[in-house]
Number of protein chains: 2
Amino acid sequence: MASQFAGLVRKPRADAVRNRERVLEAAKAVFSAGGPEASLEAVARHAGVGIGTLYRHFPTREALYEAVYRREVDQLGDLAEQLNDEADPVEALRHWLHANVQFVATKKGMAAALALVAHGSPELHAYSLERLTRAIGALLARAVAAGEIRADISAEDVLRALIGLCYMHDQAGWQSTVLRLLDVFIDGLRVQPAKATAAKRKPVKKALKRKR
Amino acid sequence: MASQFAGLVRKPRADAVRNRERVLEAAKAVFSAGGPEASLEAVARHAGVGIGTLYRHFPTREALYEAVYRREVDQLGDLAEQLNDEADPVEALRHWLHANVQFVATKKGMAAALALVAHGSPELHAYSLERLTRAIGALLARAVAAGEIRADISAEDVLRALIGLCYMHDQAGWQSTVLRLLDVFIDGLRVQPAKATAAKRKPVKKALKRKR
DNA sequence: CGCATATACGGAGGCATCCTCCGTTTTACA
DNA sequence: TGTAAAACGGAGGATGCCTCCGTATATGCG
């Protein structure tokens, strides 16, 4: 097994793999805490490696953002695929969208960094869009095939709406608000909107009080 | 008129007012072009003032973001108030939401900066939320009073949905996508969802082609 | 097992930007 | 027009970005 690709690619050194992993962990932690402007030297210190090591693995700040970003995206994609087992297609969709809110909720600082990198790297943006779109596409297609969701809204559209809404992670209680807005959006998606609203069908938080 | 507050507050110096204005203009231009990471010294140069002057008016980078942000918010608020004359309440709402998309569209780089500051300053965020919420509240209230919009969604909710969606300014064609999603959202808001969708009622762009 | 070499490590250092401090200049008011 | 308060602007110390290269170490072969 050692020389499977002997001569072509050398097996990567153990310390390199370990350090790369350490830096990624540290980056996630430091960015989550200090926001995307955090010093890269702080990341290196936190990872217990030299600044040179950090820069060899991730030549630019954006490259580091990217690496973390890719991880998050893959996790979300996997989750969507698992949800294909759910019985009710619309509920599966709702479930995934709501799960995303939880996902983002655990990494406040990161979200800003991810937003920045998504804005900066077309290639990465294309990748994540493709990955997530395909993942959510299955959920959506099932609901459309069942005649429960209008067919003129694409998976990209739903994805955009979700990401946009999730970006609103600014104040206490944002989660319940976003969940409610997602339900409204799902109502808008329905082919024949039922009289009962999504909020009624699944009260996110009982008797959530509103300002007006 | 000169000594209205004589002894209490001195009239601010003309050059101070002028320079503050210059810096704000320069900041808007430089951030719009170069993104939120642009050098403050570049802003000062562009404004034709010394770096010290910039820092006296805006002690931190965030303070400068804030000042620009406030302006934008006020402009949006004013726009909403003007729209109270519109005949159809739902259309007035739609009009304002769509106008926002145009507004954001002209300042790509700024949007990232605004997002950052909104994330950082609770006070400013509260102010802008209050300003815009009250502005949009009138539009919404009219539509609810007319029985056209469900009453369990607050002005804050609509605002969040809008800002979230508008944050998706990442690729060519994002505007038409966002406009379409806003229409879906408005459909979700309706008390008795009509069979005709918003897209049918007012085609944003005739025969907009979709990926799938 | 031990050596040779490719590979990775780490931090010194050059450069850019941040931000403060203070001597100089300008303005408002009497 | 005089004067004191206020603003100007840039020099300079501090910090962070990123490169470069001498040193250390893992891998694979003899």
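Residue numbers start from 1 in every chain, and the chains themselves are labelled A, B, ... in the order their sequence lines are given, proteins ahead of strands. Since this is a predicted model, take the numbers as computed values, not measurements.
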Next on the checklist: Please give me every residue in residues 12-19 of chain B whose heavy atoms get under 4.0 Å of an atom in DNA chain D, ordered by residue number.
Outcome noted: R13(B), D15(B), A16(B), N19(B)
Take atom [atom1] of [X] and atom [atom2] of [N], then tell me their distance rounded to the nearest Å.
{"X": "R22(B)", "N": "dC8(D)", "atom1": "CZ", "atom2": "P", "result": "10 Å"}
{"X": "R61(B)", "N": "dG16(D)", "atom1": "CZ", "atom2": "P", "result": "15 Å"}
{"X": "R56(B)", "N": "dT25(C)", "atom1": "CZ", "atom2": "P", "result": "15 Å"}
{"X": "Y55(A)", "N": "dC20(D)", "atom1": "OH", "atom2": "P", "result": "14 Å"}
{"X": "E21(A)", "N": "dA8(C)", "atom1": "CD", "atom2": "P", "result": "16 Å"}
{"X": "L54(B)", "N": "dA7(D)", "atom1": "CG", "atom2": "P", "result": "15 Å"}
{"X": "E41(B)", "N": "dT15(D)", "atom1": "CD", "atom2": "C1'", "result": "13 Å"}
{"X": "F58(B)", "N": "dA7(D)", "atom1": "CZ", "atom2": "P", "result": "13 Å"}

Next on the checklist: Using side chain to side chain contact (heavy atoms under 4.5 Å, CB included), reason through L64(B) and R61(B) one step at a time and then give a plain yes or no.
Outcome noted: CA-CA 5 Å; L64(B) 181 54; R61(B) 172 179 287 266; 5.8 Å; no
Item to check | P59(B) vs R45(B), nearer the 5' end of DNA chain C by closest nucleotide | outcome: R45(B)
Checklist entry - Side chain of L40(B): nearest nucleotide among dC8(D), dC19(C), dC17(D)? => result dC19(C)
Item to check | Of the listed nucleotides dC9(C), dT19(D), dC18(C), the one nearest the side chain of S39(B) | outcome: dC18(C)
Is there side-chain contact between [X] and [Y], with heavy atoms separated by less than 4.5 Å?
{"X": "L93(B)", "Y": "I136(B)", "result": "yes"}
{"X": "L24(B)", "Y": "K28(B)", "result": "no"}
{"X": "L40(A)", "Y": "F58(A)", "result": "no"}

Checklist entry - Would you say H46(B) has more than 12 foreign heavy atoms packed within less than 6.0 Å of its NE2? => result no
Checklist entry - Atom CD in E41(A), atom OH in Y55(A): separation rounded to 0.5 Å? => result 7.0 Å
Checklist outcome for this item: When R22(B), R20(B), E21(B) are each screened for side-chain contact (heavy atoms from CB on, under 4.5 Å) with R18(B), the one that passes is R22(B)
Item to check | Distance below 4.0 Å between T53(A) side-chain N/O and dG10(C) OP1 or OP2 | outcome: yes
Checklist entry - According to a strict under-4.0 Å criterion, is H57(B) in side-chain N/O contact with OP1 or OP2 of dA7(D)? => result no
